[in-house]
*Asks:* 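Questions regarding the structure given below will be posed in turn.
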Amino acid sequence: MIYVATEGEKTERDYIALLNKHYGEREGQKFRLKHCNAGRGLRPTETVDLVIATAADPDDEKWALFDRDSEDQRDDDIPEAMRKAAATGVQVALSHPSFELWLLLHFQQFTSQEGGRNSTVLDRLRAHRDAKGFQDYDQQSGDRGKGLGGQRGNSLVGRERAAVRNARKLVSLCPYGSCSPKGADFSPIREPRAESPQVWRLRSGHAASCDPLKRDPSSDVWRLLAALGIGTEDQQEA
């Protein structure tokens, strides 16, 4: 089982459901993602704690997805979450500024540095002609606000290859250190402390000296998809 804990309550949950539905039963590449969420928004450290508490079997894979989100005052919490994840064998997919960047990368590249703020990403997502159903994203209550049902989910499915390609390119463009997606590692971590913190940091493809808070913009969600064999046909590209 692959456990995925997310800080968000709706968008990430629905995206994981899309992956299970459309790709989980493929011939030769079956998987099942188990979404973990506390029913409320979580801090990065809480997200790591949740997946550790939920995945009881040592052979379970553990992922934690959380955002940079500079408006939420989490500059101290993110490094602590990463230290805890490295020590406990949890893989981290950080999105800077937000998970919505990962959604936008399904439709277009985005290289503008936004300082951890999400407004421009949301504007681009709502305005893109191929992002069907996203015109009022995050502007209503309930699942209609940030859910990925109906047109929204349908417009994302089949574009994973573009999203992975665009996210990998952002690693290559990172100005902090010798970052390259070719160095990324998304193989399972089977036990706590199986890797040194430095080796664990290199899993993202970013250099060990690259500050996660400065990876603007970036989204490591592509590594989760690559681990599942989704969107990786052009994996050797920069």
Side-chain angles (χ1 to χ4, degrees), residues 1-17 19-20 31-102 116 118 146 167 171 184-216 218-228:
M1 182 71 74
I2 304 172
Y3 287 84
V4 183
T6 67
E7 64 171 48
E9 302 174 58
K10 298 182 177 68
T11 312
E12 295 95 327
R13 174 204 66 192
D14 287 359
Y15 191 82
I16 289 168
L19 295 180
N20 281 330
F31 64 81
R32 183 69 182 174
L33 301 177
K34 175 67 174 177
H35 179 242
C36 320
N37 184 264
R40 58 181 177 86
L42 298 175
R43 305 286 288 177
T45 49
E46 292 176 320
T47 307
V48 174
D49 288 340
L50 178 61
V51 76
I52 293 169
T54 306
D57 193 311
D59 289 332
D60 291 331
E61 290 187 51
K62 301 181 288 293
W63 286 77
L65 276 58
F66 50 82
D67 301 342
R68 167 70 172 84
D69 191 4
S70 65
E71 298 179 358
D72 197 25
Q73 303 297 314
R74 54 180 60 191
D75 285 10
D76 294 330
D77 198 64
I78 289 174
E80 177 59 28
M82 290 194 159
R83 284 191 289 269
K84 184 175 293 188
T88 53
V90 176
Q91 304 225 48
V92 165
L94 170 68
S95 293
H96 191 319
S98 65
F99 188 79
E100 282 77 18
L101 171 64
W102 171 248
N118 199 30
K146 300 189 75 171
V171 181
D185 183 359
F186 31 82
S187 61
I189 306 173
R190 292 304 185 188
E191 58 186 19
R193 305 188 188 280
E195 301 172 349
S196 68
Q198 183 176 21
V199 170
W200 180 89
R201 287 196 297 270
L202 292 172
R203 281 181 164 268
S204 66
H206 290 274
S209 60
C210 180
D211 183 351
L213 298 178
K214 296 180 179 178
R215 297 172 189 170
D216 183 13
S218 66
S219 178
D220 293 334
V221 181
W222 75 271
R223 292 178 52 248
L224 173 60
L225 270 69
L228 302 173

*Asks:* Nearest 0.5 Å, what's the CG-CG distance between Leu228 and Asn20?
*Replies:*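 Rounded to the nearest 0.5 Å, the CG-CG separation comes out at 8.5 Å.
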*Asks:* Does atom CG of Asp76 have more than 12 heavy-atom neighbours from other groups under 6.0 Å away?
*Replies:*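 Not more than 12 within 6.0 Å, no.
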*Asks:* Testing the 3.5 Å rule here: is there a donor-acceptor pair between the side chains of Asp67 and Ser98?
*Replies:*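 The criterion, which ignores hydrogens and geometry beyond distance, is not satisfied for Ser98 and Asp67.
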*Asks:* Less than 4.5 Å apart, any side-chain heavy atom of Pro44 and any of Met82?
*Replies:*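 No, their side chains stay 4.5 Å or more apart.
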*Asks:* Considering non-hydrogen atoms only, spot the tightest contact between Ser204 and Arg215 and give its length.
*Replies:*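 For Ser204 versus Arg215, the nearest heavy atoms are OG-NH1, 3.8 Å.
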*Asks:* CD/Gln91 to NZ/Lys62 distance, rounded to the nearest 0.5 angstrom?
*Replies:*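 If we round to the nearest 0.5 Å, Gln91:CD and Lys62:NZ are 9.5 Å apart.
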*Asks:* How far apart are the closest heavy atoms of Asp185 and Ser187, and which atoms are they?
*Replies:*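 Taking every non-hydrogen atom into account, OD1-OG, 2.7 Å.
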*Asks:* When rounded to the nearest 0.5 angstrom, what distance separates OG1 in Thr54 from NE2 in His35?
*Replies:*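 Interatomic distance, Thr54 OG1 to His35 NE2, rounded to 0.5 Å: 10.0 Å.
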*Asks:* Does the side-chain contact (heavy atoms from CB on, under 4.5 Å) test come out yes or no for Asp220 and Val92, once each step is laid out?
*Replies:* CA-CA 8 Å; Asp220 293 334; Val92 165; 5.5 Å; no
*Asks:* Would you confirm whether Arg68, through its side chain, and Pro212, through its main-chain N or O, come within 3.5 Å as a donor-acceptor pair?
*Replies:*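 Such a contact is absent between Arg68 side chain and Pro212 backbone.
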*Asks:* Drop me the distance from Glu12's CD to Glu100's CD, to the nearest 0.5 angstrom.
*Replies:*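 These two atoms lie 7.0 Å from each other.
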*Asks:* Show, in sequence, the C-alpha distance, side-chain angles and deciding distance for Leu225 and Trp102, and conclude whether the side-chain contact (heavy atoms from CB on, under 4.5 Å) test is met.
*Replies:* CA-CA 12 Å; Leu225 270 69; Trp102 171 248; 3.7 Å; yes
*Asks:* Which heavy atom of Val221 sits nearest to which heavy atom of Ser95, and what is that distance?
*Replies:*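 It is CG2-OG, 3.7 Å.
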*Asks:* Give the C-alpha distance, both sets of side-chain angles, the deciding distance and a yes or no for side-chain contact (heavy atoms from CB on, under 4.5 Å) between Arg201 and Ser209.
*Replies:* CA-CA 9 Å; Arg201 287 196 297 270; Ser209 60; over 6 Å; no
*Asks:* side-chain contact (heavy atoms from CB on, under 4.5 Å) between Asp57 and Met1: does it pass, once the steps are laid out?
*Replies:* CA-CA 9 Å; Asp57 193 311; Met1 182 71 74; over 6 Å; no
*Asks:* Using a 3.5 Å distance criterion without hydrogens, assess whether the side chain of Asn118 forms a donor-acceptor pair with backbone atoms of Asp69.
*Replies:*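 Between the backbone of Asp69 and the side chain of Asn118 there is no qualifying donor-acceptor contact (under 3.5 Å).
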*Asks:* Looking only at non-hydrogen atoms, find the nearest pair between Ser219 and Ala167 and report the distance.
*Replies:*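 Looking at all heavy atoms of both residues, the closest pair is O-CB, 3.7 Å.
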*Asks:* I'd like to check Ile16 versus Trp63 (side-chain heavy atoms, cut-off strictly below 4.5 Å). Are they in contact?
*Replies:*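 Result no, sub-4.5 Å side-chain heavy-atom pair not found.
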*Asks:* Should Asp14 and Lys146 count as an ion pair when the cut-off is N to O under 4.0 Å?
*Replies:*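 Salt bridge absent between Asp14 and Lys146.
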*Asks:* Is there side-chain contact between Ile189 and Glu195, with heavy atoms separated by less than 4.5 Å?
*Replies:*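 Yes, at least one pair of side-chain atoms sits under 4.5 Å.
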*Asks:* What distance separates Glu191 CD from Arg193 CZ, expressed to the nearest 0.5 Å?
*Replies:*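 Between Glu191 CD and Arg193 CZ, I get 11.5 Å after rounding to 0.5 Å.
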*Asks:* Using every non-hydrogen atom in the two residues, find where Thr88 and Lys84 come nearest and quote the distance to one decimal.
*Replies:*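 Heavy atoms of Thr88 and Lys84 come nearest at OG1-O, 2.7 Å.
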*Asks:* Looking only at non-hydrogen atoms, find the nearest pair between Asn37 and Glu9 and report the distance.
*Replies:*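 Closest pair (atom of Asn37, atom of Glu9, distance): OD1-CG, 3.8 Å.
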*Asks:* If you measure from CZ on Phe99 to CD on Glu7, what distance do you get to the nearest 0.5 Å?
*Replies:*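 Atom-to-atom, Phe99:CZ and Glu7:CD are 10.5 Å apart.
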*Asks:* Would a 4.5 Å heavy-atom cut-off, applied to side chains only, mark Leu42 and Asp49 as touching?
*Replies:*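 Leu42 does not reach Asp49 side chain to side chain.
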*Asks:* Is the side chain of His96 donor-acceptor paired with the backbone N or O of Leu213 at a distance under 3.5 Å, no angle test?
*Replies:*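 Between the backbone of Leu213 and the side chain of His96 there is a qualifying donor-acceptor contact (under 3.5 Å).
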*Asks:* Do Asp77 side-chain atoms and Thr45 backbone N/O form a donor-acceptor pair below 3.5 Å?
*Replies:*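 Yes, the answer is positive, given that a donor and an acceptor are paired below the 3.5 Å cut-off.
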*Asks:* Indicate yes or no: at least one non-hydrogen side-chain atom of Phe66 is less than 4.5 angstrom from one of Thr6.
*Replies:*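 Sidechains of Thr6 and Phe66: no contact.
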